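For reference, the structure is listed below as structure tokens.
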Amino acid sequence: MNRTSSPVDGLLFALVSASLYGFNIVYARMASFAGANGSAIVVYRVFLMLVLVGIVAAVTRTSLRAARVERGTLLLLGVSTAFVGICYLSSVAFIPVTVAAVVFYTFPSLIVLASPFVEGTRLTPALLGVVATATLGVALVVGPAFGDLDWRGLALAFGASIATAIQFFAAARCRKTGVMAKTFWIHLIVLPTATLISLAAGQLAPPSALAIAPFAVAMTIGGYVFGFVLQLLALGRITAVAAGIIYCTEPVVAAVASAVILNETLVPLQIAGGALVLAAIVANVLLEQRRLKDAPLVPIAD
């Protein structure tokens, strides 16, 4: 069904999605402490997403047909989504998670720098200042120690950043295909990729293995499922630039959730970084509202 897009809704969807991804990371860590395999969780959450989409589509009689003019974009979206997970998860085998996170979160900057060529966005000093503030804030929140780094890990993390930028641009251009159809076809591409990687690494455990940490696994999978759907809803309503900056919320939420749930300590520098990210997000929202104040609403397919 076609509806008019609301930028305010898009910003809200992106904020909630980023927050869910932030919680998702914490519960994934809890599941790993209990012995639940991360690769297996990835495979089964993708499989579950396909099952859920199929059930909802059957009950609501919603078509999973992709708009003909968007099939190429949808393929690019699926491939880039697969590469995000593959590269990011693989990078931590060579470099610390904190370093991988900082390298990965260069994607908002990549989106801003590429936006004049992809979306025709004008790079203003205010926009560049916002993305610089958000990037600095993320670096302070994650707080990596750069030393003895393996170039393979850095290359993989940066590859995940590039793939994420492509994912955001592709999703922002895919407005005629419904969210359920997009979710279905994207995960149909991701599932075999994730399965092959898990098999190659010898980490594809049976579903029963996830029962080791049922609550943590359920929260991890649930956070991903709802976060991904909200991400697609957001990217159908706002630009990739606006969404990229909003998603800097994710590591901040993860840091705060780790402190509350896992009793990890937040140092003053991390708190200052979180404040910078929040300030950048508020500035981004104000800039986006000003930019779209007189813009017409765009029809989208939900």
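Values reported hereafter were calculated over all heavy atoms of this structure, with side chains retained and with hydrogens, waters and symmetry mates removed. Computed from a predicted structure; not experimentally measured.
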Less than 3.5 Å apart, which donor and acceptor atoms pair up between the side chains of residues 52-63 and the rest of the protein, not counting sequence neighbours?
from	atom 1	to	atom 2	distance (Å)
T60	OG1	V56	O	2.6
T60	OG1	T62	OG1	2.7
S63	OG	R65	N	3.0

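Here CZ of F228 is found 11.0 Å from CG of L233. Values are rounded to the nearest 0.5 Å. Note that CG of L230 and CG of D9 are 11.0 Å apart. Values are rounded to the nearest 0.5 Å. One distance of note links CG of L232 with OG1 of T81; it measures 7.5 Å at 0.5 Å rounding. One finds the CD1 atom of I111 at 9.0 Å from the CD atom of Q167 (value rounded to the nearest 0.5 Å). The line from CZ of F23 to CD1 of I261 is 6.0 Å long, rounded to the nearest 0.5 Å. Atom NZ of residue K182 and atom CD of residue E70 lie 7.0 Å apart, to the nearest 0.5 angstrom.
You'll find the side chain of I189 reaches within 4.5 Å of the side chain of L75, heavy atoms only. Side chains of M49 and F184 form no contact here, defined as non-hydrogen atoms less than 4.5 Å apart. Counting heavy atoms from C-beta outward, L77 and T73 have side chains that stay 4.5 Å or more apart. Looking at heavy atoms from C-beta onward, V103 lies out of side-chain contact with S161 at the 4.5 angstrom threshold. The side-chain heavy atoms of S115 and T239, taken from C-beta on, include no pair separated by under 4.5 Å.
Ring to ring, F158 and F104 are not that close: their centroids are 6.0 angstrom or more apart. Between Y44 and H187, a ring centre-to-centre spacing not shorter than 6.0 Å is recorded.
In F83, the CZ atom is not crowded: 12 or fewer heavy atoms of neighbouring residues, nucleotides or ligands sit closer than 6.0 Å.
Closest heavy-atom contact between F215 and Y27: CE2-CE2, 3.7 Å. Listed here is the closest heavy atom pair of L15 and S19: O-OG, 2.9 Å. The two residues A14 and A234 have their closest heavy-atom pair at N-CB, 3.5 Å. Residues F47 and L191 come closest through the heavy atom pair N-CD1, 4.1 Å. Counting all heavy atoms, side chain and backbone alike, A172 lies closest to A240 at CB-N, 4.3 Å. Taking both residues in full, the closest heavy atoms of P108 and I245 are given as CB-N, 4.4 Å, listed atom of the first, atom of the second, then distance.
The side chain to side chain contact (heavy atoms under 4.5 Å, CB included) search around L276 returns T133, L136, L140, not counting sequence neighbours.
Grouping the Ile, Leu, Val, Met, Phe, Trp and Tyr side chains by contacts below 4.5 angstrom, directly or via other members, places V179 with L64. Connection of M219 to I212 is not established within any shared hydrophobic cluster, with ILVMFWY side chains joined at heavy-atom distances below 4.5 Å, either directly or through further cluster members. Cluster annotation: V79 and L156 are assigned to distinct hydrophobic clusters (Ile/Leu/Val/Met/Phe/Trp/Tyr, side-chain heavy-atom contacts under 4.5 Å, transitive). Residue I166 is not grouped with residue L113 when hydrophobic side chains (ILVMFWY) are merged at heavy-atom distances under 4.5 angstrom, including chains of intermediate members.
S17 and Y247 share a side-chain donor-acceptor pair at under 3.5 Å.
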side-chain contact (heavy atoms from CB on, under 4.5 Å) assessment of Q231 paired with Y21: CA-CA 10 Å; Q231 180 183 345; Y21 284 154; 2.8 Å; yes
Audit row: R45, N24, side-chain contact (heavy atoms from CB on, under 4.5 Å) steps and yes/no: CA-CA 12 Å; R45 77 183 184 185; N24 176 59; 3.9 Å; yes
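The main-chain N or O of A67 is found under 3.5 Å from a side-chain atom of T177 such that the two form a donor-acceptor pair.
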